[in-house]
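See below for the structure under consideration.
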There are 2 protein chains.
Amino acid sequence: MVTTDLPPNSNDGEMIGSAVASVRSFNRTVTERIGALEQEYLARGRPLGASRLLWEVGEGEDVRVLRARLGLDSGYLSRLVRQLEAEGLVEVGPSPADRRVRHVSPTPKGRAERTLLDRRSDDLAESILEPLTPTHRTRLVDAMAEVERLLTASAVDLRPVDPGSADATRCLRAYFAELIERSATGLDVDSALPNPDELRGAGDAFVVAYLQGSAVGCCALKQYDGGWAELKRMWVTPRVRGLGLGRRLLAHMESLARQAGVGRLRLDTNEHLVEALAMYRSAGYVDIPRYTDEVFATHWFEKHL
Amino acid sequence: MVTTDLPPNSNDGEMIGSAVASVRSFNRTVTERIGALEQEYLARGRPLGASRLLWEVGEGEDVRVLRARLGLDSGYLSRLVRQLEAEGLVEVGPSPADRRVRHVSPTPKGRAERTLLDRRSDDLAESILEPLTPTHRTRLVDAMAEVERLLTASAVDLRPVDPGSADATRCLRAYFAELIERSATGLDVDSALPNPDELRGAGDAFVVAYLQGSAVGCCALKQYDGGWAELKRMWVTPRVRGLGLGRRLLAHMESLARQAGVGRLRLDTNEHLVEALAMYRSAGYVDIPRYTDEVFATHWFEKHL
DNA sequence: ACCATTCGCTGATGTTAGTCAGAGGTATCA
DNA sequence: TGATACCTCTGACTAACATCAGCGAATGGT
């Protein structure tokens, strides 16, 4: 796991001690309990790994995709697939598009087994909820959702990438699509996409936030002569908003800028991106007069590092 | 896992569908993420199981205790211990009290390794908290504590036992100790303990709530001629209060009574047990005149089943 | 037509995690 | 002093979860 983050700008100290103890206790209790229940409900006389694989096959999937998703060795996965094949649960054949690639698809029996696994998974969840009173059930479900979201947020990884890379482009398209929609300017996303060379100067950076391999956010840093730099294209996918990722990206870009000897950071943004406006202000950015003629810009900010 | 619970008296239906989906999603995310981190931080070139064992040894422990706590086969545990011994981390000798029992104690090197594991465990927890902003850290820790408590509550198992068994006696002692303390009557716990035969009549029951093998609560059902029965000695250990266990015990006893053809359930309680009073009332019990001359009783309740 | 690359399978090998039956030492009690 | 129960260890075995090198088939670029 590559983490380019610098130590966070937090007031650690005592509070973190008891927090760490809570997290440890949680890890212990929860993994033990859930692990035991999974064995009980999902093993079904077959290795748990094989059940999981059958689940991932779904309505048919290429072997390479399964390998990436389950993070398994190619040899090992091959054997697991053959085990499912021997049980008559899946069929394997070449992928139509590329005959090197193997495609796994479920047989009717496999589909039935998958449905059953699904049902067992539900039973497992119910066995957790069932002993609780309705009030406590709601509280548990809410707390689980919160833990899951925040654990997800903590798994996000910030990495510098080339501004013309596929991941960068994906982020930028989503960024402009949202901007155009919110500002109702009716522009075209493709024509709005900037030239990647714009961000390939010395000291420039394009950072993408990854969650389990897929891009969920980005931010660019562009340096100018005179000891200042600009933040551009900050975007976070709606699915992971409200988890502090924007703030984390911002802090990360600031530390990159600081490392590069930048003294002042500027940025522009659009009045329709209300969350962004609030975040910049609370992070110490102050309004300054227009300094660009960017189409979408309505507000300009600056912060001394 | 023995569960004698009947289906709970809840309004299941739609709400439980989405709850089940949340629980499943939580299980997936959390076990994957925490599991991966544990491998990364705690394996230390040795099987994870051995690390866990070293942790449980602490400042010295009998093998039988370790076996019970880790739930391992005696042969398997024996081998794990010898592995730690070969690494010079523990020493094994006969227990002074009973020379059949083997006692495992850490060497200085073992103590050092244990400290290191402790540190790595902290690192793991910090690696989860570190990427988050302080606000989100607090939220995560709180939600984790909530999940842990409620998951624990859901793991509680209700089992009928003999009213004279060790577990029953442990519960009753705790029950009377608390009663005496709260009502400040200065009585002696030992002299207050009732004769177990009192609860060994036909249709009587003594139910103990178990959490991971240890008793955390109890309740007795005593039948009388004339189609009615009495609930007695309901107690829940302070550590797991506020998790709905009392309510669950109550529902469980009611269904036992219903199965036995009981039409009216009575109970007495003490005004100092304020949580109990509230619970009985909200569960549909109504105040009735004194019907016993129990020393501690100040309130009498009845419910038609 | 050739070459480098990609994809997956196979065989060899290893570790972790466990189960089971029985041996042998130790304790308890009649 | 037996008989019986208890506690741990040993040896034999199995399942699950991998890792790695190399092979052959398919593909894409030149």
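Naming: A, B, ... by sequence-line order, numbering from 1 per chain.
Taking atom CZ of residue B:Arg64 and atom P of nucleotide D:dC9, one finds them 13 Å apart after rounding to whole Å. Residue B:Leu70 contributes atom CG, which lies 17 Å from atom C1' of C:dT19 at whole-angstrom precision. For A:His103 and C:dC9, the NE2 to C1' distance is 18 Å, given to the nearest whole Å. One interatomic measurement links the two molecules: CG of A:Asp62 to P of D:dT27, which rounds to 13 Å at whole-angstrom precision. Summarising the geometry, the separation between CZ on B:Arg67 and P on D:dC9 is reported as 9 Å, rounded to the nearest angstrom. Taking atom CG of residue A:Asp98 and atom C1' of nucleotide C:dG8, one finds them 11 Å apart after rounding to whole Å. Rounded to an integer number of Å, the gap from CG of A:Leu42 to P of D:dA16 is 15 Å. Rounding to whole angstrom units, CZ of residue B:Arg52 and C1' of C:dG18 are separated by 14 Å.
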*Give the C-alpha distance, both sets of side-chain angles, the deciding distance and a yes or no for salt bridge (charged side-chain N to carboxylate O under 4.0 Å, His left out) between A:Arg69 and A:Glu61.*
CA-CA 11 Å; A:Arg69 213 138 68 188; A:Glu61 200 57 85; 3.6 Å; yes
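Residues A:Pro96 and B:Val92 both approach DNA chain D. Their nearest nucleotides, taken by heavy-atom distance, put B:Val92 toward the 5′ side. If you find the closest nucleotide of DNA chain D to B:Val63 and to B:Arg79, the one lying nearer the 5' end belongs to B:Val63. Between B:Leu80 and B:Gly75, the residue anchored nearer the 5' end of DNA chain C, judged by the nucleotide with its closest heavy atom, is B:Leu80.
Taking side-chain N and O atoms only, B:Arg99 has no distance below 4.0 Å to OP1 or OP2 of D:dC6. Taking side-chain N and O atoms only, A:Arg102 has a distance below 4.0 Å to OP1 or OP2 of C:dC9.
The listed nucleotides are C:dG18, C:dG8, D:dA18; the one nearest the side chain of B:Leu72 is C:dG18. In this structure, the nucleotide among C:dA17, D:dC7, C:dT10 sitting nearest to the side chain of B:Tyr76 is C:dA17.
B:Ser154 pairs with exactly one of A:Arg137, A:Glu130, A:Arg33 by the side-chain hydrogen bond (donor to acceptor under 3.5 Å, both in side chains) rule, that one being A:Arg33.
When heavy atoms are screened at a 4.0 angstrom cut-off, A:Asp73 is found touching base atoms of the nucleic acid.
With hydrogens and angles ignored, a donor-acceptor pair under 3.5 angstrom links the side chain of A:Ser74 to the base of C:dC9. Checked by distance alone, B:Arg100 brings no side-chain donor or acceptor within 3.5 Å of a matching partner on the base of D:dT8.
Cation-pi geometry between A:Arg24 and B:Trp55 is met: the NZ or CZ atom falls under 6.0 Å from the ring centre, inside 45° of the normal.
Salt bridge present: A:Asp123 and A:Arg119 bring a charged side-chain N and a carboxylate O closer than 4.0 Å.
A donor-acceptor pair shorter than 3.5 Å can be found between the side chains of A:Thr29 and B:Glu148.
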